[in-house]
Student: 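Sharing a structure with you now.
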Amino acid sequence: MLKNGIRTCARGLHTTRPLGAFSLKSTKLRDSSSAARPQKKGSDAGGGGCAGGEKSLKKDDGPARTRFAPSPTGFVHLGSLRTALYNYLLARHTGGQFLLRLEDTDRNRVVEGAEENIRETLRWAGLLWDEEYTQSRRSEVYRQYADVLLDQGHAYRCFCPKERLDALRASARRLQPPSMASYDRKCAHTVSRAESDRRAATGEPHTLRFYAPREYAPFTDVLHGTLSLQTQVNPQDVRYEDPVLLKSDGLPTYHLANVVDDHLMGITHVVRGEEWLLSAPKHAAIYAALGWSPPQYAHIPLLTSANDRKLSKREGDASVLALARTRGILPEALVNFVALFGWSPNATATPNLDTATPYSGTATTAGVGGSDAEVFTMDELVARFSLDGLTRGNAKVDERKLLHFNQHFFRRRLADADARMQLIQECHARMQTAVSSDEADLPEYKRTDISYTTEVFNALQNNINSVMEFVDRAQYFYRLPTLASTTADTVEVLTRAATLLDDKFDPRDLCDTLLQQGYTKRQVFSSLRHALAGGVPGAKIPDILAILGPQRSKSRIDRAISLCK
Ligand code: GLU
């Protein structure tokens, strides 16, 4: 179904491969040795447990299908925007598709407004998606695969009450060494399948657990190579990770829904944060149990600030849209900035895993703030992006670079009539919020008139590099400036200026006339800037006079004179 150009619902997804067509392994995954054989990319047969396989993706490898799969548990911040961007770039670079999938099956954690924030942020950044899916609307699909895993002996129902599970967790933690897995498989060992079916039929609350292999098969990651990540257990008191696939509310957990969807949606590559690395072996085991082959994974490093501290709220955790709004950051600038957190446009070869030098994100070629060699539009990023350029070191966020990019793209927009108009509109909207009607010293029809803001913008555009700078530097066009007291020599030239303006004088000629009358440049310009603009630099004095007009100019000058001590 196409809705607003976005294909919604799961049409066709669960029918791309009818259930009966799966070649399911009958071997129990408790013995993982047979599931550890690497398998060829793209092959569904064999049930190998090795994710990925090939390290890099070249254009010729065919279209990639990627997805951004956020949980709507918060607003999009810099880290998640980067994940979305890399997946987007990979899809566009290869002529593939980019999907948006809302992973919202943990209903308790869903935050109001988060879904809309995700869509709005992606649209704002220009990361338009080809298809959209919402996991909470697909419960039936996951249930079918949960049944398959149950029927094939890869999963079992667990009826243990919460108190028992809590106690098991606590005791696992107390073991020496502690066990990260806590469940003792009581229900697997003591509840027969027939009894399990009976109890489930009476509505007894339960979860469905996956039989985790005793040892997870190694898997391959584009950035990290082949990894064998195991869960720590205590040899004297062996517990099992046995991840829950279906919760007692019947909804799938992240693990099941993520695997089923990536497979059914034909996802070929998953770029996601390193925090998901520990899930990868579990996912690989679930893929193997279902007889599927996993996508290629690239787990990208965490973001840190330029001096290697955890990112502060302002730098990293803050919502992208809030950051952009409060600081006047343009989407092109933020996209450029975020692209370079962990991706280097200059890398031509697959990163050498032993010697990879992390791309620091701080300027190397251009001193403070980065160089124009690092400026890329979205089209340029699409053309250049490759997984080969991903770097393994923690990506450092250096905000000077963001400001540099913002200036660059701001100036670029000025050269394009439509983009320039958009900037003016944004400046106008921001100014309306910054200066309310009761603070303004100009008639309401003028304050809200975009052509007035256009005049102001024209006078300031060479002196500002962002929408926020406009708001900072142009407020005196809308309200009386804050004035420090006026000095005696200033009063003299201002008094002369006020007299001239009284004579219906063209305000544009005021400076020249005063200069001709023997006042120095410093006297004329700094006195008038003080009186008219509260000393705020930027616009030229004749432009300020022309925009304010003779009457407003004169009354500001009179006000300054009256403030002489
Ligand atoms: N829902 C997970 C998240 O919020 C997705 C992780 C993944 O990409 O597999 O990031």
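Both backbone and side-chain heavy atoms feed into the values below; hydrogens, waters and symmetry mates do not. Atoms within each ligand, like the ligands themselves, are counted from 1 in listed order.
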Student: Which residues satisfy the side-chain contact (heavy atoms from CB on, under 4.5 Å) test with Arg107, sequence neighbours excluded?
Tutor: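 Here the qualifying residues are Asp104, Val110, Ser136, Leu251.
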Student: In terms of relative ring orientation, are Phe159 and His206 parallel, tilted or perpendicular, with 30° and 60° separating the classes?
Tutor: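 Ring orientation of Phe159 relative to His206: tilted.
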Student: With a 4.0 Å heavy-atom cut-off, what residues sit around ligand 1?
Tutor: Arg67, Ala69, Pro70, Ser71, Glu103, Tyr254, Asn258, Arg272, Trp276
Student: Please tell me whether Thr207 and Ser248 have a donor and an acceptor in their side chains that are separated by less than 3.5 angstrom.
Tutor: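 Their side chains do not contain a donor-acceptor pair, so the 3.5 Å distance test is not met.
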Student: Describe, in one word, how the ring planes of Tyr156 and Tyr183 are oriented to each other, choosing from parallel (under 30°), tilted (30 to 60°) and perpendicular (over 60°).
Tutor: parallel
Student: Would you say the ring centers of Tyr86 and Phe385 fall short of 6.0 Å from each other?
Tutor: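 Close enough - the centres of the two rings lie under 6.0 Å apart.
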Student: Can Arg101 and Asp262 be counted as an ion pair, charged N to O under 4.0 angstrom?
Tutor: yes
